[in-house]
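Report on the structure given below.
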Amino acid sequence: QVHLAESGGGLVQTGGSLRLSCAASGNFFKINDMAWYRQAPGKQRGLVATIRKSGATNYADSVKGRFVISRDDAKNTVYLEMNNLKPEDTAVYYCNVDVIYRGVEAGIPTDRYQEVWGQGTLVTVSS
């Protein structure tokens with residue numbers, strides 16, 4: 001089992017900053033890609049930012065230049081630094097990680113993959 005503990009959400013004013021954290025714990029072997037998604041009221045969940053094992057990042061156009069995704073593999077944690085927040089950033093933010101489980105079948109290692117979601121943390125940006 002893998003548990004993702006999210007933190008850092010809250011209420012901020014327009015132009016303010018907030019830093020989200022998501023720490024993974026459990027019996028997984030490795031973590032590959034990690035990402036942040038968000039879902040605003042009445043809208044579909046959408047991708048905010050991704051970060052690969054290599055550290056390569058990708059951002060939604062709406063947050064480019066304002067948000068920064070980073071990871072600390074020693075702590076199994078992904079972060080999202082949000083700057084110059086706007087009311088349209090108001091949403092529930094979810095972290096997502098791709099984990100690898102290692103088992104043994106027929107005497108050889110066998111890897112299995114799983115996508116895990118956090119519980120979500122609410123970010124509210126006041127007008």
Side-chain angles (χ1 to χ4, degrees):
Q1 299 290 342
V2 177
H3 175 68
L4 302 182
E6 297 188 26
S7 63
L11 174 64
V12 297
Q13 298 182 77
T14 297
S17 298
L18 209 59
R19 186 170 185 256
L20 306 182
S21 299
C22 176
S25 61
N27 62 344
F28 54 86
F29 176 62
K30 288 183 178 180
I31 295 177
N32 284 334
D33 299 343
M34 297 189 284
W36 287 95
Y37 290 75
R38 68 185 181 187
Q39 186 167 21
K43 297 184 178 180
Q44 296 182 4
R45 186 176 301 185
L47 180 64
V48 176
T50 60
I51 183 166
R52 298 183 178 181
K53 289 175 59 180
S54 65
T57 58
N58 188 54
Y59 298 90
D61 289 340
S62 59
V63 306
K64 285 182 179 178
R66 299 190 297 121
F67 290 11
V68 178
I69 187 172
S70 61
R71 63 191 290 166
D72 185 342
D73 289 333
K75 298 180 179 180
N76 294 319
T77 300
V78 60
Y79 305 94
L80 185 67
E81 179 72 30
M82 303 181 293
N83 303 299
N84 191 24
L85 284 162
K86 305 175 181 179
E88 50 264 45
D89 294 318
T90 296
V92 177
Y93 285 71
Y94 300 89
C95 61
N96 176 275
V97 303
D98 297 327
V99 302
I100 302 174
Y101 298 93
R102 175 152 290 182
V104 179
E105 297 179 0
I108 60 174
T110 303
D111 291 339
R112 296 290 181 265
Y113 302 84
Q114 182 181 13
E115 184 179 79
V116 183
W117 289 93
Q119 295 298 310
T121 183
L122 177 62
V123 172
T124 303
V125 184
S126 62
S127 302

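All heavy atoms count here, side chains included; hydrogens, waters and symmetry mates do not. Note that the structure is a prediction, hence the values are computed from the model and not measured.
Of the possible polar contacts, none joining the Asn32 side chain to the Lys53 backbone as a donor-acceptor pair under 3.5 Å is found. One N or O on the side chain of Glu6 and one on the backbone of Cys95 form a donor-acceptor pair closer than 3.5 Å.
Here the closest heavy-atom approach between residue Leu4 and residue Ala24 is recorded as CD2-CB, 3.5 Å. When every heavy atom of Thr77 is checked against every heavy atom of Met34, the shortest pair comes out as O-CE, 3.9 Å. Here the shortest heavy-atom pairing between Gly118 and Tyr94 reads O-CD2, 3.6 Å. Taking all atoms of both residues into account, the shortest heavy-atom contact from Ser127 to Thr14 is CA-OG1, 3.9 Å. Across all non-hydrogen atoms, the minimal contact from Arg52 to Arg71 is O-NH1, 2.9 Å. A pairwise comparison of heavy atoms in Ala35 and Thr50 identifies CB-CG2, 3.7 Å as the closest pair.
To the nearest 0.5 Å, atoms OH (Tyr101) and CZ (Phe29) are separated by 13.5 Å. The CG atom of Asn76 sits 4.0 Å away from the CD1 atom of Ile31 when rounded to the nearest 0.5 Å. Taking OG1 from Thr57 and NZ from Lys64, the interatomic distance works out to 10.0 Å, rounded to the nearest 0.5 Å.
Both Val12 and Val63 belong to a single network of hydrophobic side chains, linked directly or stepwise wherever heavy atoms of I, L, V, M, F, W or Y lie under 4.5 Å apart. At a threshold of 4.5 Å between side-chain heavy atoms, the hydrophobic network of Ile, Leu, Val, Met, Phe, Trp and Tyr places Val123 and Tyr59 in one connected group. With hydrophobic clusters built from ILVMFWY side chains whose heavy atoms lie under 4.5 angstrom apart, Val99 does not share a cluster with Tyr79. When hydrophobic clusters are built by joining Ile, Leu, Val, Met, Phe, Trp and Tyr residues whose side-chain heavy atoms come closer than 4.5 Å, directly or via intermediates, Tyr37 is not grouped with Leu20.
Test Ile51, Val68, Val48 against Leu80 for side-chain contact (heavy atoms from CB on, under 4.5 Å) and you get one pass: Val48.
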Enumerate, atom names and distances included, each donor-acceptor pair closer than 3.5 Å involving a side-chain atom of residues 38-47, sequence neighbours excluded.
unit_1 : atom_1 : unit_2 : atom_2 : d
Arg38  : NH1    : Asp89  : OD1    : 2.9
Arg38  : NH1    : Tyr93  : OH     : 2.9
Arg38  : NH2    : Ser62  : OG     : 3.3
Gln39  : NE2    : Lys43  : O      : 3.2

